[in-house]
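Read the numbers this way: they start at 1 and go in the same order the structure lists the ligands and their atoms.
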Amino acid sequence: MTKVILVTGASSGIGLALCERLLSHDPEGLQLCLACRDVQRARDARAALLASHPTAHVTLVQMDTSSVSSVIGAAQEVKRRYNRLDFLYLNAGIMPNPHFDVKAFFRGLFSSRIVTMFATGGGGILTQEDRVTADGLQEIFMTNLFGHFLLIRELEPILCHAGLTSQLIWTSSSNAHPSAFSVDDIQHRRGTQPYSSSKYACDLLSLALNTHYNKQGLYSSVTCPGFVMTSLTYGILPFFPPFLWTLLMPLFWLIRILTNTFTLTPYNGAEALLWLFKQQPESLDPQAKYQSSTSGLGKNYTQPRKMDVDLHMSEVLILSVKCCSL
Ligand SMILES: NC(=O)C1=CN([C@@H]2O[C@H](COP(=O)(O)OP(=O)(O)OC[C@H]3O[C@@H](n4cnc5c(N)ncnc54)[C@H](OP(=O)(O)O)[C@@H]3O)[C@@H](O)[C@H]2O)C=CC1
Ligand SMILES: CC(C)CCC[C@@H](C)[C@H]1CC[C@H]2C3=CC[C@H]4[C@H](C)C(=O)CC[C@]4(C)[C@H]3CC[C@]12C
């Protein structure tokens, strides 16, 4: 039976690489819908996918996850086109206005945090300046988490079907950290790490969604693509021209020997997202984060890692998120 798959943020990076890999895995049996905010970039992505898979079914829907009305409009369009959705990849994400703390970076280099700092971007080396959207919500929270929550809520009728299963697959991050998140400030209005907070909220929300929806056949899983060279990463050091990143590649390959989270290419980063596509959702651990990993010799594999999440907090978050959507 044909599987219907919707991917948010499919116009570039990990989302586009995932689409390519899904089509290579099953060129005829999929109906792929690319949900993108920029129509021209979406068209370019579709053309690139069709160039390598000319007989594939690939459609587009315009959706900006940072806008309530855009998400609701796009969901209506998706429901009009399909009466069932098998996979929903919640991948669109931003880290705008990042600040790279050079001092914290060099302090980390000479401390025991050196490996975790590289693997997670943690240790205070990255902060961001957030904005408020036209809907009055924090942009990073809205784009990475809340827009996706609204999408799931709106698509519920085509995600939950008696006797069939569907999967939600989040692109989270190893940068998701409980210390950046507070249930009293779920949008992270007051702190300096809204990206980390939004990704930790994705981890919590996935857990809560499993509690609420498993009995209706809907399962949610969390992935981490590792550290991947994409436009999101290039934006972290905007003064760094692309050729300098290329010069750093040998250093990154060396670091990969110490931490297999340096997946580096979007193709490698999409590994866990594709792996989940091939699993029976009932067999997955709702408290695991499925990590794309690449060995020093370049072999790709998926590793489950226990998330630092608790059920009570996940329930508090889903209630607060529901309140935001009233
Ligand atoms: N790169 C990395 O090392 C890591 C990335 N991630 C996560 O992976 C995901 C994909 O990022 P990555 O591929 O790296 O970066 P890219 O910037 O290449 O891709 C991000 C995608 O999200 C889309 N997007 C951004 N904002 C919106 C919006 N408001 N509405 C709809 N789509 C939007 C972008 O669209 P457009 O083309 O229009 O900009 C783009 O297609 C993100 O969630 C990111 O947080 C997690 C861990 C590590
Ligand atoms: C020699 C220096 C100039 C090299 C600086 C490298 C840093 C800019 C990057 C090293 C580790 C990177 C990251 C790690 C984790 C990512 C995380 C999982 C994510 O979700 C978004 C991107 C990362 C934070 C990424 C960002 C760049 C690094 C800090």
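The shortest heavy-atom distance from A119 to ligand 2 is under 4.0 Å.
The protein atom (non-hydrogen) at minimum distance from atom 25 (C) of ligand 2 is F227 CD1, 3.6 Å. Of the protein's non-hydrogen atoms, the one nearest atom 30 (N) of ligand 1 is T65 N, 2.8 Å.
Of all atoms in ligand 2, numbered sequentially from 1 with element shown, those under 4.0 Å from a heavy atom of T120 are 15 (C). Interface atoms of ligand 2 facing M95, defined by a heavy-atom separation under 4.0 Å, are 21 (C). Close approach to S173 involves these atoms of ligand 2, each under 4.0 Å from a residue heavy atom: 17 (C), 18 (C), 19 (C), 20 (O). Close approach of ligand 1 to S66 is summarised as follows: ligand atoms under 4.0 Å from at least one heavy atom of the residue are 29 (N). For ligand 2, the atoms sitting less than 4.0 Å from at least one non-hydrogen atom of L126 are 24 (C), 26 (C), numbered in the order shown with element in parentheses. Near S231, meaning under 4.0 Å from any of its heavy atoms, are these atoms of ligand 1: 16 (P), 17 (O), 18 (O). With ligand atoms numbered from 1 in the order given, ligand 2 contributes 18 (C) to contacts under 4.0 Å with heavy atoms of S174.
Counting only N and O atoms by type, the side chains of E129 and H99 include a donor and acceptor under 3.5 Å apart. Judged purely by distance below 3.5 Å, without hydrogens or angles, the side chains of E28 and H53 never pair a donor atom with an acceptor atom.
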TODO: Could you please spell out the steps behind the side chain to side chain donor-acceptor pair (under 3.5 Å) verdict for H148 and T65?
DONE: CA-CA 7 Å; H148 286 132; T65 59; 4.9 Å; no
Open item on the list: Go through it in stages, so that I can follow the logic: the residues are S221 and W170, the test is side chain to side chain donor-acceptor pair (under 3.5 Å), and I'd like the CA-CA distance, side-chain angles, deciding distance and then a yes or no.
Closed with: CA-CA 6 Å; S221 310; W170 295 84; over 6 Å; no
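Heavy-atom proximity to atom 6 (C) of ligand 2, evaluated over F262, F106, F252, is greatest for F252. For the residues F118, Y195, Y234, F240, the heavy atom positioned nearest atom 21 (C) of ligand 2 is part of Y195.
Every residue meeting the side chain to side chain contact (heavy atoms under 4.5 Å, CB included) condition with T192, not counting sequence neighbours, appears here in chain and number order: T127. Scanning for salt bridge (Lys or Arg N to Asp or Glu O under 4.0 Å) contacts around R189 gives an empty result, with sequence neighbours left out.
Figure legend: cation-pi geometry between R305 and Y290 absent, as NZ or CZ is not positioned both under 6.0 Å from the six-membered ring centre and within 45° of its axis.
In terms of N/O distances under 3.5 Å, ligand 1 is approached by G9. The shortest N/O to N/O separation between F227 and ligand 1 does not fall below 3.5 Å.
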